[in-house]
Amino acid sequence: MNEIKIFCPATIANLNCGFDIMGLCLETIGDKMIIRKSPEKGIKITKITGANLPLETEKNVAGVAALAICKEAINRVSFKHGFEIEIHKKIKAGSGIGSSSASAAGAVFGINELLGKPFSKHELVNFAMKGEVVASGSEHADNVAPCLLGGFTLVRGYNPLDVIRIDAPSEIYAVVLHPNIEVKTSDARAVLHPMISLKDAITQTGNLGGLIAGLYTNDYNLIGRSLNDVLIEPLRKHLIPNFDQVKNAALQNGALGSGISGAGPSIFALCKCQKVAEKVAFAMSESYQNTGIEFDMHISKINPNGVNIIKN
Ligand code: HSE
């Protein structure tokens with residue numbers, strides 16, 4: 001195989017109580033990438049459509065992640081060629097649904113396939129995280145892990161990286177309202193406090209435990225009760241116009257929970273079944289009309305596979 005075409009899905013990180021450690025993979029929104037072997041060594045970004053992003057390998061998240069996997073791959077497989085990468089963006093940068101992660105995860109997944117899969121999908125998370133640094137200044141895996149592995153993911157630890165994949169309860173749907181404004185992850189991280197109170201830590205860890213237990217036991221009510229964030233949301237929500245109104249509209253119309261998707265500005269809701277998801281999406285849209293800000297709505301099931309190959 002000399003060339004591979006892949007779908008790189010959008011993701012929702014944090015899921016309220018799991019800042020920097022929880023995430024899920026979406027099915028209906030994502031980028032496309034084409035990766036091919038080239039006789040020239042090294043990594044070359046040959047084409048980007050749908051976004052104004054740097055073509056220079058070291059400045060591009062996909063380029064940096066690709067360099068990271070290639071550096072390590074030479075210890076496992078012998079190869080003398082390089083790789084060319086085409087990126088066709090559908091996920092807008094700074095949208096809060098893992099735009100940079102999709103590119104980083106796509107690059108390492110594609111190169112791993114073309115090299116004969118020397119690394120497991122779990123191992124690929126390490127390389128994709130290197131790309132995330134270019135976008136946000138920090139090595140967090142809560143978008144790249146679900147993008148690569150699918151389902152829900154928990155980053156149990158960062159040093160060493162320990163990622164656990166959890167199957168999604170079958171009836172869960174995600175709704176995402178993406179306001180067409182940009183919130184840079186680095187700016188959304190700058191508003192956070194380095195210290196938290198013991199009381200808040202107890203509340204947050206209780207909710208995180210509840211979310212994990214709810215996912216494993218398919219307990220939708222427990223999932224809903226646990227989708228709360230006392231640490232991050234209060235400090236970030238002012239960055240998102242009408243956040244409280246949208247969240248309330250989602251909850252009043254049957255969502256299990258709602259909150260900031262990743263670093264924002266997207267607002268997500270999790271719902272049990274498609275019918276509720278459609279009602280919630282309608283209510284969230286209605287509550288955003290008066291802002292004058294354009295927005296996109298997405299309804300998606302949870303993607304069980306993560307990044308995958310597009311067969312022509
Ligand atoms: N966990 C990260 C944050 C996700 O909230 O800053 C951003 O990509």
Side-chain angles (χ1 to χ4, degrees), residues 8-26 29-31 51 53 60-62 64-65 89 91-108 125-126 128-149 152-159 161-164 174 176 178-179 181-194 196 200 204-205 207-208 211 227-240 243 247 257-268 270 306-307:
C8 313
T11 46
I12 299 176
N14 298 337
L15 302 177
N16 291 3
C17 52
F19 178 66
D20 274 359
I21 57 175
M22 285 300 296
L24 64 76
C25 188
L26 296 167
I29 322 156
D31 298 338
L53 294 166
N60 184 295
V61 293
V64 171
K89 297 294 296 177
I91 316 169
K92 295 201 180 89
S95 58
I97 47 171
S99 179
S100 55
S101 311
S103 301
V108 298
V125 177
N126 286 289
M129 268 169 66
K130 305 283 177 218
E132 277 289 47
V133 181
V134 182
S136 70
S138 75
E139 269 195 29
H140 53 89
D142 50 344
N143 286 109
V144 288
C147 188
L148 281 161
L149 303 175
F152 283 76
T153 52
L154 162 71
V155 184
R156 204 277 312 153
Y158 272 95
N159 195 16
L161 188 67
D162 185 359
V163 177
I164 295 139
V176 177
H178 167 226
I181 53 171
E182 188 180 352
V183 171
K184 288 203 167 72
T185 301
S186 49
D187 294 342
R189 293 180 86 83
V191 302
L192 303 178
H193 292 165
I196 59 169
D200 285 348
Q204 200 87 349
T205 46
N207 280 322
L208 181 60
L211 175 58
L227 284 170
N228 284 308
D229 175 8
V230 294
L231 296 180
I232 309 299
E233 184 180 294
L235 301 173
R236 278 186 172 170
K237 65 178 184 175
H238 70 276
L239 300 171
I240 306 167
F243 172 78
K247 178 173 172 162
S258 172
I260 303 172
S261 176
S266 286
I267 304 168
F268 81 98
L270 292 189
V307 180

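Every number for a ligand or one of its atoms is a count from 1 in the order of the listing. Just so you know, these numbers use all the heavy atoms, side chains as well, and skip hydrogens, waters and symmetry mates.
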> Of all the atoms in ligand 1, which lie at a distance below 4.0 Å from a heavy atom belonging to Arg189?
Replying inline: 1 (N), 2 (C), 3 (C), 6 (O)

> Of all the atoms in ligand 1, which lie at a distance below 4.0 Å from a heavy atom belonging to Thr185?
Replying inline: 6 (O), 7 (C)

> Side chain, backbone, both or neither: which part of Arg236 comes within less than 4.0 Å of ligand 1 when only heavy atoms are counted?
Replying inline: side chain

> Can you check salt bridge (Lys or Arg N to Asp or Glu O under 4.0 Å) on Asp20 and Arg189, steps first, answer last?
Replying inline: CA-CA 11 Å; Asp20 274 359; Arg189 293 180 86 83; 2.7 Å; yes

>> Can you confirm whether more than 12 heavy atoms, excluding those of Lys89, are under 6.0 Å from its NZ atom?
In response: yes

> Which of the atoms of ligand 1 are close to Asn143, meaning less than 4.0 Å from one of its heavy atoms?
Replying inline: 4 (C), 7 (C), 8 (O)

> Does a donor on one side chain and an acceptor on the other come within less than 3.5 Å for Lys92 and Ser99?
Replying inline: no

> Can you list the atoms of ligand 1 that are under 4.0 Å from a heavy atom of Gly262?
Replying inline: 5 (O)

>> Applying a heavy-atom cut-off of 4.0 Å, say which part of Asp20 lies close to ligand 1: side chain, backbone, both or neither.
In response: both

> For the residue pair Val125 and Ala141, what are the closest heavy atoms and their distance?
Replying inline: CG1-CB, 3.9 Å

>> Students should be able to answer this: which protein heavy-atom is nearest to atom 4 (C) of ligand 1, and at what distance?
In response: His140 CE1, 3.6 Å

> Hey, are the side chains of Arg236 and Leu192 touching, using non-hydrogen atoms and a 4.5 Å cut-off?
Replying inline: yes

> Quick one: OH on Tyr158 to CG on Asp142, what's the gap to the nearest 0.5 Å?
Replying inline: 5.0 Å

> In ligand 1, which numbered atoms sit nearer than 4.0 Å to a non-hydrogen atom of Phe19?
Replying inline: 3 (C), 5 (O), 6 (O)

> For Glu132, is the nearest heavy atom under 4.0 Å from an atom of ligand 1?
Replying inline: no

>> Among Ile196, Asp229, Asn228, which residue satisfies the side chain to side chain contact (heavy atoms under 4.5 Å, CB included) criterion with Gln204?
In response: Asp229

